[in-house]
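Shown next, in C-alpha cells, is the structure this report addresses.
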Amino acid sequence: MKNNLQIYNTLSRKKETFEPSNPPFVGLYACGPTVYGDAHLGHARQAITFDLLYRVLSHLGYKVRYVRNITDVGHLENDADEGEDKIGKKARLEQLEPMEVVQRFMNAYHKNMRELGVLSPSIEPRASGHIIEQQELVTKIIDAGYGYEVNGSVYFDVAKYSEKHAYGKLSGRKTDDLLANTRNLKTQSEKKSPLDFALWKKAGPEHIMQWPSEWSKGFPGWHLECSAMSAKYLGETIDIHGGGMDLLFPHHECEIAQNVAGYGKEKVRYWMHNNMITINGQKMGRSLGNFITLDQLFTGDHQLLKKSFDPMTIRFFILQAHYRSTLDFSNDAIAASEKGLHRLHNAIRILNKIEADKNGVVNAAELQEKCEAAMKDDLNTPLMISTLYDGVRMINSLHEKRIKTDVENLDLLKKIYTTYVYDILGLTPESSGRSDSAITEQLIGYVLRLRQAAKERKDYETSDQIRDTLQKMGVVIKDRKDGFDWEIG
RNA sequence: GGUCGGUUUGCCGAGUGGCUAGGCGCUGGUCUGCAAAACCAGUUACAGCGGUUCGAAUCCGCUACCGACCUCCA
C-alpha cells in the first residue's frame, strides 16, 4: 500500500514517509488524560490531533487499532517520585473513593470528547486494570539488569542503561547535561542517581491505592503503564506513539528506556507530538492555573470568555492551526473561527441545491488533489481548510449561476465536502444550537396566535385553514372561551 | 544555566529559494420595501543587521525579543 503519507517523526526531527510494519494494520497509541480534573482546551487539542490521525489513516485504507489510555493511578503530584498520587489526593480532599474520582472525571472526559466529535479509540485501557502486566514488566527490567530494589521500591538504572543505549535520544538530552542541571533534592533519596525513575513505589500509609507485589505493597510508576499497556495491545514495537509535547521528557523518554530494557526492542517507529495551546503567550496548563475547561467554553462561564462557543467551533479553531505549532487562545480568534465555520457549512448546504449543467467548467478534481496532498503532508489541516474555502467561493458562484458545473464535477464536489469536512476533519453539520422541541413549541404558539388574530377579524377561511393544516400534522387544537390550548397527539 | 522551538499583513494562522495560502476584521459593491443575512471584489506582510544567490519570508551567520522542556502538566 503506497499512500505517501508524510509524518513528522520527533525521533528523527524530520518528515518521513509512513510505512507500517505490518500493513494494512497500524498500531497507534496516544497518551490520554490523568482523570483528576475537568478536561481543558489542551486535552481537546491532544484528542483532536490523534483523532484526526486515526481518521486519516482509516481514510487511507489502513486497519487501525487505536489505543488511548486513561491514567487512574501512579501519577504523582510533584518532585520526581516523591509526591502524592494526583487522584489519591483529590479523593482525600473530597472524601471520595479514588475510583469515584476516576469515574466522575472519566465520564466528563468522554462527554466532552463526544461533543467535540472525537471518535472512541479501539481500546481505552486503564492503568489500575493492568497492575499485573506492569509488575511483569518490572520483573523483566530487573532481570535484564536495569532495575534495582531499595526498601520495597524499584527504580530504573539510567546510568546502566546509558552504557549501551541512548537515554535522551527522543528529547535530545544528554545524561551529563541532565545530571548537571538536576536540582539537589533536600529529601534523602533512595535512588542511586537523580536521573533514575520509579518503576514500583512502596506505598506509605497515606496512599489509598495500593496493590501487593513481590517487592512491597505499592503502586506502579507513572511511566510504566504506557509501556506495559501499549505492548499488551499493540505489540512490543508499535507504529505510532503520540502525545502532547510536554510529555516528551521525561515520560516518553522513560517509556522508551523501559521497553528497550524490558523487551529488548525499539519501542516506537514514529513518535508524534502535538504542540501546546497558549493563552497570553503562555502555555495553558493545570499547574499554571490559566486553563479554560471545555465545559466553560461550551457555556461561556469563565471570566476570560466573552461568550460561549459550540464544540464544533472549538474543533475547527484547533484544526485551523497545524498540530505542531503553538496555538494562541483569544476570544477574537475563536469568534473568527466560528464565523468561518458557519460560512463553510453554509456552502455545503447550498451545494446540495445546485443543479448540473452540460456546459460546466469547474474543476473539482484539482480541489480534491489539493486536499489530499495537504492531508498527507503531515496533516496540514490549515492548508486543507484554505483549499476548502477556494471551493466555497466556487460553490457560491455556482449558486449565483456565474459559473456552471457538469454532473460529474458536481458529484465530486459533494464527495469532497463529505469526505474532508465530515469524515476527516470531523466537523459535523451545524445544529440550530437550540433544541428542536423548544422551537416547535414556540412555532406552534406563534401560528395559533396568528389564527386567533384571523378569528378576531372574522377571517374564518384563514383560521380554519390553519386548524386543518395543523391537525394533519398531528397538532390538536383546543379552543377555549378565553383563548386556546394545544397538544401534539 | 542547558536543550529545543518560535518571531508572517489590524487579529488568528499556512507557507523551506522565483508563482496573491486561508479565516476574521476593514473598505467598496451586488442583492434587498426597510433591516439583517448572504454573495462578490479590494486589502501583498514576513523581528533587526549582514551574507550566499540572477532572485530569500524561505538557506547561512550574528543580534534582539518570546516560549517550551529540564519537577506534575495534553
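Chain A is the first sequence line, chain B the second, and so forth, proteins listed ahead of strands; every chain is numbered from 1.
- Within 4.0 Å of A/G42, counting heavy atoms only, lies at least one base atom of the nucleic acid.
- Atom P of B/U63 sits at a distance of 13 Å from the matching atom of B/G1, rounded to the whole Å.
- In this structure, A/S325 does not reach the B/G6 phosphate: none of its side-chain N or O atoms is under 4.0 Å from OP1 or OP2.
- Within the 4.0 angstrom heavy-atom criterion, base atoms lie near A/H40.
- Within the nucleic acid shown, A/M276 comes within 4.0 Å of at least one base atom, counting heavy atoms only.
- Shown here are the side chain to side chain donor-acceptor pair (under 3.5 Å) partners of A/N259, two or more places apart in sequence or in another chain: A/S227.
- As rounded to the nearest Å, B/G25 and B/G10 have C1' atoms that lie 7 Å from one another.
- Ring planes of A/Y29 and A/H241: tilted class, angle from 30 to 60°.
- Between A/R343 and B/A38, a side-chain N or O to OP1/OP2 separation shorter than 4.0 Å is absent.
- Going from the C1' atom of B/A57 to that of B/C69 covers 28 Å, rounded to whole Å.
- Atom C1' of B/G5 sits at a distance of 36 Å from the matching atom of B/G42, rounded to the whole Å.
- When the side-chain nitrogen and oxygen atoms of A/N275 are compared with OP1 and OP2 of B/A74, none of them lie within a distance under 4.0 Å.
- Taking the six-membered ring wherever Trp is involved, the centroid distance between the rings of A/H273 and A/H252 falls below 6.0 Å.
- A/L327 comes within 4.0 angstrom of the backbone, heavy atoms only, and of no base.
- Between B/C60 and B/G22, the two C1' atoms lie 31 Å apart (nearest whole Å).
- Here, B/C65 and B/U8 have their C1' atoms 16 Å apart, quoted to the whole Å.
- If you take CZ of A/F197 and P of B/U71, they are 14 Å apart, rounded to a whole angstrom.
- Contact annotation for A/T326: backbone-only contact, meaning every heavy-atom pair under 4.0 Å involves sugar-phosphate atoms and none involves a base.
- Across B/A35 and B/U30, the matching P atoms stand 14 Å from one another, rounded to whole Å.
- Listed pair A/R393 / B/G23 meets the phosphate criterion, a side-chain N or O lying under 4.0 Å from OP1 or OP2.
- A donor-acceptor pair shorter than 3.5 Å cannot be found between the side chains of A/N275 and A/S325.
- Contact annotation for A/L388: no contact, since no heavy-atom pair falls under 4.0 Å across all strands.
- Between A/K174 and B/C70 there is no side-chain polar atom (N or O) within less than 4.0 angstrom of OP1 or OP2.
- At least one side-chain nitrogen or oxygen of A/K339 sits closer than 4.0 Å to the OP1 or OP2 atom of B/G25.
- Although no hydrogens or angles enter the test, the distance criterion places a donor-acceptor pair under 3.5 Å between the side chain of A/Q46 and the main chain of A/C31.
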Here RNA chain B, pairs taken as Watson-Crick or G-U under 3.5 Å and shown with ( ), [ ] when crossing and | when to another strand, reads (((((((..(((.....[...)))((((((.......))))))...(((((..]....))))))))))))....
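- Residue-to-nucleotide proximity on RNA chain B shows that, of A/N396 and A/D390, the 5′-proximal contact is made by A/D390.
- Ranked by how close their nearest RNA chain B nucleotide is to the 5' end, A/G172 and A/F316 are led by A/G172.
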Sequence neighbours left out, cut at 3.5 Å: what donor-acceptor pairs do the side chains of residues 288-297 of chain A make with other protein atoms?
{"unit_1": "A/N290", "atom_1": "OD1", "unit_2": "A/G285", "atom_2": "N", "d": "3.0"}
{"unit_1": "A/N290", "atom_1": "ND2", "unit_2": "A/K283", "atom_2": "O", "d": "2.9"}
{"unit_1": "A/T293", "atom_1": "OG1", "unit_2": "A/Q296", "atom_2": "N", "d": "3.1"}
{"unit_1": "A/T293", "atom_1": "OG1", "unit_2": "A/Q296", "atom_2": "OE1", "d": "3.3"}
{"unit_1": "A/D295", "atom_1": "OD1", "unit_2": "A/N112", "atom_2": "ND2", "d": "3.1"}
{"unit_1": "A/Q296", "atom_1": "OE1", "unit_2": "A/T293", "atom_2": "N", "d": "2.9"}

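- If you look at A/H40 and A/H43, their ring centroids are closer than 6.0 Å.
- Comment: A/E253 does not engage A/R173 in a salt bridge, judged by the lack of any side-chain N to carboxylate O separation of less than 4.0 angstrom.
- Here, B/G15 and B/U43 have their P atoms 23 Å apart, quoted to the whole Å.
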